2 protein chains.
Amino acid sequence: MVEAPRNTRQRRAVVAILEDLDGFASAQEIHDILKKRGESVGLSTVYRSLQVLADAAEVDALRNDDGEVLYRQCSAGHHHHLVCRSCGRTVEIEGPSVERWADKIADENGFRDVAHTLEIFGTCASCAS
Amino acid sequence: MVEAPRNTRQRRAVVAILEDLDGFASAQEIHDILKKRGESVGLSTVYRSLQVLADAAEVDALRNDDGEVLYRQCSAGHHHHLVCRSCGRTVEIEGPSVERWADKIADENGFRDVAHTLEIFGTCASCAS
DNA sequence: ATTCTTGCAAACTATTTGCAGAACA
DNA sequence: TGTTCTGCAAATAGTTTGCAAGAAT
């Protein structure tokens, strides 16, 4: 059987940040926030914690245009995000029709084991004003 | 008025590769192919050429999960891709319904200047067998 | 006591940039 | 001829990893 990860101060601190945050944040941002709060955690430990969480599907990971990986605590199950490109605030969205459409397109072209990525970006109301 | 880029052997070589290729390729892959063909071009030149082409919207760029940027010569206009995760072969797809759906979702949440990314991945028929 | 985790520094990967010399217009 | 382009090497940015010391079970 698989061992559960140990319950360390560092791991708890990273999870706490993710719970506080509204939107996506990079590993480096999380590391900075921890430093500011005085709950310093090594950068590599932040990376490792996020990897573990992502593997366990407890956080979602996506890559921005700069090649940074952004993490966010998310509800379970397959869904997509509407992300504010200015403040990073995110809204979880579902789109059954999109899922069906993607599967159909893939099937029509003879593709198997289909997966897809979909993110919507925009400027949210409070950032636009 | 904007100057056109100069017509150099290197630039032509990169474009030629993109025309030959079926699917997406990374800058490094393109660099390797050029080396194998004996038409060696410096890696930085490959990167610079691809940047210019991408800025001119003559190629599409997308990032894979490993953080590499992949390039492909594409038809103009907004569209998406169905990509084989094994051989890289791609099919351009359109989805008016998806575009509309994305815009609607964003609007409902008060987001402006909406853009979206959508890629479908799978294993194509010939790679599955 | 044993095993997992941390933190630092060094390693890696993909990409970008400074600069001197070469190539185009 | 005057600029732009190229290629090399060095610099960056984000992320990963080796290893000795520290913490959790």
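If you're wondering where the values come from, they're calculated on a predicted model, not measured in any experiment. Naming: A, B, ... by sequence-line order, numbering from 1 per chain.
Side-chain contact check for B:His80 and B:His116: at least one donor-acceptor pair (N or O, by modelled atom type) lies under 3.5 Å.
Projected onto DNA chain D by closest heavy-atom contact, A:Tyr71 and B:Val41 fall at different nucleotides, the more 5' of which corresponds to B:Val41. Between A:Gly42 and B:Arg63, the residue whose closest nucleotide on DNA chain C is further toward the 5' end is A:Gly42.
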side-chain contact (heavy atoms from CB on, under 4.5 Å) evaluation trace for A:Phe24 with A:Thr90: CA-CA 7 Å; A:Phe24 280 94; A:Thr90 65; 3.1 Å; yes
Step-by-step side-chain contact (heavy atoms from CB on, under 4.5 Å) determination, B:His31 to B:Tyr47: CA-CA 9 Å; B:His31 177 246; B:Tyr47 274 107; over 6 Å; no
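Residues satisfying the side-chain hydrogen bond (donor to acceptor under 3.5 Å, both in side chains) test with B:Thr45, not counting sequence neighbours, are none. A:Ser49 is linked by a side-chain hydrogen bond (donor to acceptor under 3.5 Å, both in side chains) to nothing, counting only residues two or more places apart in sequence or in another chain. When the salt bridge (charged side-chain N to carboxylate O under 4.0 Å, His left out) test is applied to B:Asp113, no partner is found at least two apart in sequence or on another chain. Scanning for salt bridge (charged side-chain N to carboxylate O under 4.0 Å, His left out) contacts around A:Arg37 gives A:Asp20, with sequence neighbours left out. Residues that satisfy the side-chain contact (heavy atoms from CB on, under 4.5 Å) test with A:Phe121, not counting sequence neighbours, are A:Val83, A:Arg85, A:Glu119, B:Thr117. B:Asn7 is linked by a side-chain hydrogen bond (donor to acceptor under 3.5 Å, both in side chains) to B:Arg12, counting only residues two or more places apart in sequence or in another chain. Residues passing the salt bridge (charged side-chain N to carboxylate O under 4.0 Å, His left out) test with A:Glu92, sequence neighbours excluded: A:Arg72.
Note: CZ (A:Arg11) to P (D:dG22) measures 20 Å, nearest angstrom. Computed from coordinates, the A:Glu39 CD to C:dT6 P distance equals 13 Å when rounded to whole Å. When rounded to the nearest whole Å, the span between CG of A:Leu43 and P of D:dT17 equals 14 Å. Whole-Å rounding puts the B:Leu34 CG to D:dT6 P distance at 12 Å. B:Asn64 has its CG atom 15 Å from the C1' atom of D:dT15, to the nearest Å. Per the geometry, NE2 belonging to A:His31 stands 15 Å off C1' belonging to D:dT16, to the nearest Å. A:Glu29 has its CD atom 14 Å from the C1' atom of D:dA13, to the nearest Å. If you measure from atom CG of A:Asp65 to atom P of D:dG14, you get 14 Å, rounded to the nearest angstrom.
Two residues are said to be in side-chain contact when any heavy atoms from C-beta on lie closer than 4.5 Å; B:Phe111 and A:Leu82 meet this criterion. Residues B:Ile30 and B:Val41 are not in side-chain contact: their nearest non-hydrogen atoms beyond the backbone lie 4.5 Å or more apart.
Listed by residue number, B:Thr45, B:Arg48 are the residues of residues 45-58 of chain B with a heavy-atom contact under 4.0 Å to DNA chain D.
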Filtered N/O pairs between nucleotides 23-25 of chain C and protein, under 3.5 Å:
| from | atom 1 | to | atom 2 | distance (Å) |
| --- | --- | --- | --- | --- |
| C:dC24 | O2 | B:Arg6 | NH1 | 3.2 |

Nucleotide N/O of nucleotides 9-12 of chain D paired with protein N/O under 3.5 Å:
none

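Rounded to 10°, the helix from C:dA1-D:dT25 to C:dA25-D:dT1 has 30° between the axis fitted to its first five pairs and the one fitted to its last five.
Applying the salt bridge (charged side-chain N to carboxylate O under 4.0 Å, His left out) test to residues at least two apart or on different chains, none of the pairs has a partner in residues 39-68 of chain B.
A:Glu108 contributes no side-chain N or O that, together with a main-chain N or O of A:Ile105, makes up a donor-acceptor pair within less than 3.5 Å.
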